[in-house]
Each structure stands twice: as structure tokens, then as C-alpha cells.
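First listed ligand is number 1; within each ligand, the first listed atom is number 1.
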Amino acid sequence: MKKNIMVMGRLSASQEAELAQHFTLLEHSGSLDLAQPGVPEVLSKAHGIIGSSLPVTPELLDAAPELEVISTVSVGYDSIPVDELTKRGIMLCNTPDVLTETTADIGFALIMAAGRRMIELAEVVKQGKWQSGIGPDLYANDVHGKTLGMVGFGRIGAAIARRGALGFGMPILYSNASPKPELEKELSAKRCELETLLAESDYVCITVPLTQETEKLIGKREFSLMKPSAVFVNIARGKVVDEAALIDALKNNTIRAAGLDVFEQEPLPASSPLPHMHNVVALPHIASATHETRQAMAQRAVDNIRLALQGERPINVVNETVLNE
Ligand SMILES: NC(=O)C1=CN([C@@H]2O[C@H](COP(=O)(O)OP(=O)(O)OC[C@H]3O[C@@H](n4cnc5c(N)ncnc54)[C@H](OP(=O)(O)O)[C@@H]3O)[C@@H](O)[C@H]2O)C=CC1
Ligand SMILES: O=CC(=O)O
């Protein structure tokens, strides 16, 4: 008998057809909310779930006794309780690598946009307020040659640093769980304590995953250590930052500006002051959102779930111990 898959994310017609060759794609309402009619019934039959930002809970796993694999169309998996999956022998697959460069493009675009006040100054033109040359009150900061501090120096952190060091002559500081000697050589990057990085960087860029250790890693104390001219960029997860402290730091000129792709609550609530602040560039969590990259991420997630359910080793497994069971 064919195994069953719940397709929760957007796949192309050919990707759905590829899965349908091997598996039954379960009809469902698009919700994983157990209180919704029909959801427990569909979950009870699912051997695999594929989708992004899946709100997985232990209760949901209890309702899915046949589940063998969750294939997330993302590199981050902070909405999924990995230990609970591992305990139950359920594999978690994700999509690293294929989105690294595209995400780094937006990371660097935010450095440029917030650093050079691009959105704020484009508004001046849009609103017909460009009547004479701008004065020093609207001057920006250089990007080239300034120090870039990477909080997290994994795939995406390194790709952003590469753009800064090799394209813009930026000295690189990094703070990361483990040392990265090869990147130190390639980019003349220096590893330092977070406090030193915050105090010495002109641009501070967050690329650590959201975990228990990194939640609210950057708060009031950390902003107070940064230069008043510092530009803060977050493309990782909103909850790595204490957002109230960030808003205060931007309002009080503790730091100069921020470029943000991610927020504590997404979509950003209407009550948030962030999109209205002149010194903030806010994007709707789109760092990987190009046609090419979203297609590649979906294909990787399709390959992963197919391999897992066929008893082969998927390309990307988060909880490797499940493979040995
Ligand atoms: N805005 C968007 O659309 C996107 C956001 N993301 C986010 O970016 C994150 C990073 O992705 P990626 O670069 O591929 O992941 P990687 O795992 O390659 O990099 C993460 C780095 O963070 C380091 N790290 C982890 N925990 C800590 C800690 N407590 N203190 C210091 N360093 C730590 C890791 O150290 P070590 O090397 O020692 O393990 C690793 O080098 C994702 O988890 C996701 O949340 C990703 C894609 C798109
Ligand atoms: O936020 C996106 C991801 O892939 O993680």
C-alpha cells in the first residue's frame, strides 16, 4: 500500500506529481489545528508531512501515530520540537545550502539599505520633497571599509561576510559557538567575544538559529554596548532579539538604524512601531523568496521526504540518531 503525505506548503504541479507517483497525497483543509474538523482524521493517516513554518506540538505528534518524517521547506526548524520527534523515531529533514546565497543577498541588501538610508531617502523623492540637495541631517554612513560583526558564522553568516570582506573591504569580526579557522584564513576574520564584537562593529548582523541559548541573545545590555552609529541587521529569527529593547534603542539613538527581515511575531502586528520608524528597513521575512531559490528549497524537501519514506537516506537529516534505529 502507498504511504500517505500531507502537503502543507506550496509545491509546483510537477513536484506534487512526482510525489503522487509514489505516495497518496491526503486531501486536507490546510490546517494543523487539532480543534479544526477533519484535522485529527487526516493526521492519523499521515506517514509524512511537508511544508514550512509547521506549528508542530507533542499533541499533534500524538495524533499522528503513523508519522515517519517531517520535511520542512526551510533551513530553520525552531517551530518543531526536535527532541519529541527523535523520542518517537520521527525523522526531521530541512533544506540548508540551496538558500544560502539568496538569503545572504538580502542580508547584505539590508546592510546597504539601512546603512545608506536608501528607503528613507527614496521616500523623500517619492513624496516630492526633493527640492534641493540634502544636508548632513540626511547623510548616511559608509559601508565599504567599515567593520562587520557577524553573530553566527555558519553557512549564511559566512556568505554575508564574504560579500562584505571581498566586495566591500570590510574587516570581519565574528562570534560563533565553534571557531572557523578556514574562514578566518579566507576572509581574515577574527573570532571574539560577543561583547567585543558589539563594541567594535559598525554593522552587527545576526545569523544564529533560534534555540533556547539564543532566545533574546540581543537585549538592552547588548544594544547599550554598540556604537551610537551602529546599524543592526537581523535575518535569522525575531526572537533572537528582545524586540522592545530594539525599539527603545532605535528611538533613543542608542544605535542608528536597523534592517530587519524577521520579527518576534510574524506577520508583524499592525500595532508595531517598527515599520513606521524612519531608521528601520523592514521586510516581510523574504530573504529566501526568489523563484529560483523557493523552487530549489521545495525540490530539496520533496527529495528528502521521498527518500525517507522509501527507506533511503535523505539528503538533509536534522536528527541523525533516528537513522540508526
Ligand atoms: N530570513 C530568512 O528568510 C532566513 C532565515 N534563516 C535563519 O538563519 C539561520 C542560520 O542558517 P544557516 O547559516 O544555514 O545555519 P548554520 O547552522 O550554517 O549557521 C548557524 C551558526 O550559528 C552558530 N550558533 C548556533 N548556536 C549558537 C550560539 N548559541 N552561540 C553562537 N553561535 C551559535 C552555529 O555554530 P557552529 O558552527 O559551531 O554549530 C553556526 O555556525 C537559520 O537557522 C534560520 O533561522 C535562514 C534562511 C532564510
Ligand atoms: O526562514 C527561513 C528558513 O529557511 O529558515
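Interface of H285 with ligand 1, defined as ligand atoms under 4.0 Å from a residue heavy atom, comprises 1 (N), 2 (C), 3 (O). Of all atoms in ligand 1, numbered sequentially from 1 with element shown, those under 4.0 Å from a heavy atom of S178 are 36 (P), 37 (O), 38 (O). When each atom of ligand 1 is checked for a heavy atom of F153 under 4.0 Å away, the hits are 41 (O). Interface of R237 with ligand 2, defined as ligand atoms under 4.0 Å from a residue heavy atom, comprises 1 (O), 2 (C), 3 (C), 5 (O). Counting atoms of ligand 1 from 1 in the listed order, those under 4.0 Å from a heavy atom of T207 are 9 (C), 10 (C), 20 (C). Listed by number with element, the atoms of ligand 2 under 4.0 Å from a non-hydrogen atom of G76 are 3 (C), 4 (O), 5 (O). Atom numbering of ligand 1 starts at 1 in the shown order; those under 4.0 Å from a heavy atom of D261 are 1 (N), 2 (C), 3 (O).
Smallest separation of non-hydrogen atoms from V151 and L194: CG2-CD1, 3.8 Å.
Checked options E184, K190, R191; the residue passing with Y174 is E184 (criterion: side chain to side chain donor-acceptor pair (under 3.5 Å)).
Counting only non-hydrogen atoms, the option in P179, A289, A287, A177 that gets closest to atom 32 (N) of ligand 1 is A177. The heavy atom nearest to atom 14 (O) of ligand 1, out of those in R237, M150, E215, R155, is found in R155. The option from T293, T103, L194 that lies nearest to atom 48 (C) of ligand 1, judged by heavy atoms, is T103.
Counting only distance, with no hydrogens or angles, the side chain of N4 and the backbone of A46 share no donor-acceptor pair below 3.5 Å. The main-chain N or O of V7 is found under 3.5 Å from a side-chain atom of H28 such that the two form a donor-acceptor pair. Between the side chain of D202 and the main chain of A230, no donor-acceptor pair closer than 3.5 Å is present. With hydrogens and angles ignored, the 3.5 Å screen pairs no side-chain donor or acceptor of N319 with any backbone N or O of V322. With hydrogens and angles ignored, the 3.5 Å screen pairs no side-chain donor or acceptor of E195 with any backbone N or O of C192. With hydrogens and angles ignored, the 3.5 Å screen pairs no side-chain donor or acceptor of D248 with any backbone N or O of K220.
Using a 4.0 Å cut-off between charged nitrogen and carboxylate oxygen, K3 and E66 do not count as a salt-bridge pair. Salt bridge status for K239 with E266: absent, with no side-chain N to carboxylate O gap under 4.0 Å.
Looking at atom 19 (O) of ligand 1, its nearest protein heavy atom turns out to be G154 CA, 3.3 Å. The shortest contact between atom 13 (O) of ligand 1 and any protein heavy atom is with I156 N, 2.9 Å. The protein heavy-atom contact nearest to atom 42 (C) of ligand 1 is V75 CG1, 4.0 Å. At the top of the distance list for atom 37 (O) of ligand 1, counting protein heavy atoms only, stands K180 NZ, 2.7 Å. Nearest to atom 24 (N) of ligand 1 among the protein's heavy atoms is V208 CG1, 3.9 Å. Nearest protein heavy-atom contact of atom 20 (C) of ligand 1 is P209 CD, 3.6 Å. Summary of contacts: the protein heavy atom closest to atom 1 (O) of ligand 2 is H285 NE2, 2.7 Å. The protein atom (non-hydrogen) at minimum distance from atom 4 (O) of ligand 2 is V75 N, 2.8 Å. Scanning all protein heavy atoms for the shortest distance to atom 4 (C) of ligand 1 gives I235 O, 3.6 Å. Remark: minimum distance from atom 40 (C) of ligand 1 to any protein heavy atom is reached at N176 OD1, 3.5 Å.
The closest approach between any non-hydrogen atom of T214 and ligand 1 is below 4.0 Å.
Here the CD1 atom belonging to I156 is positioned 13.0 Å from the CD1 atom belonging to I206, to the nearest 0.5 angstrom.
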**Asked** How far apart are the C-alpha atoms of E182 and K185, what are their side-chain angles, what is the distance that settles it, and do they pass the salt bridge (Lys or Arg N to Asp or Glu O under 4.0 Å) test?
**Response** CA-CA 5 Å; E182 288 184 6; K185 221 187 270 170; over 6 Å; no
**Item:** Audit row: R117, E123, salt bridge (Lys or Arg N to Asp or Glu O under 4.0 Å) steps and yes/no
**Value:** CA-CA 10 Å; R117 304 177 76 157; E123 272 304 306; over 6 Å; no
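With a heavy-atom cut-off of 4.0 Å, P96 does not touch ligand 1 at all. Contacts between L99 and ligand 2 below 4.0 angstrom, taking non-hydrogen atoms only, involve the side chain exclusively.
The same ILVMFWY cluster, assembled from side-chain heavy atoms under 4.5 Å apart, contains both I49 and L34.
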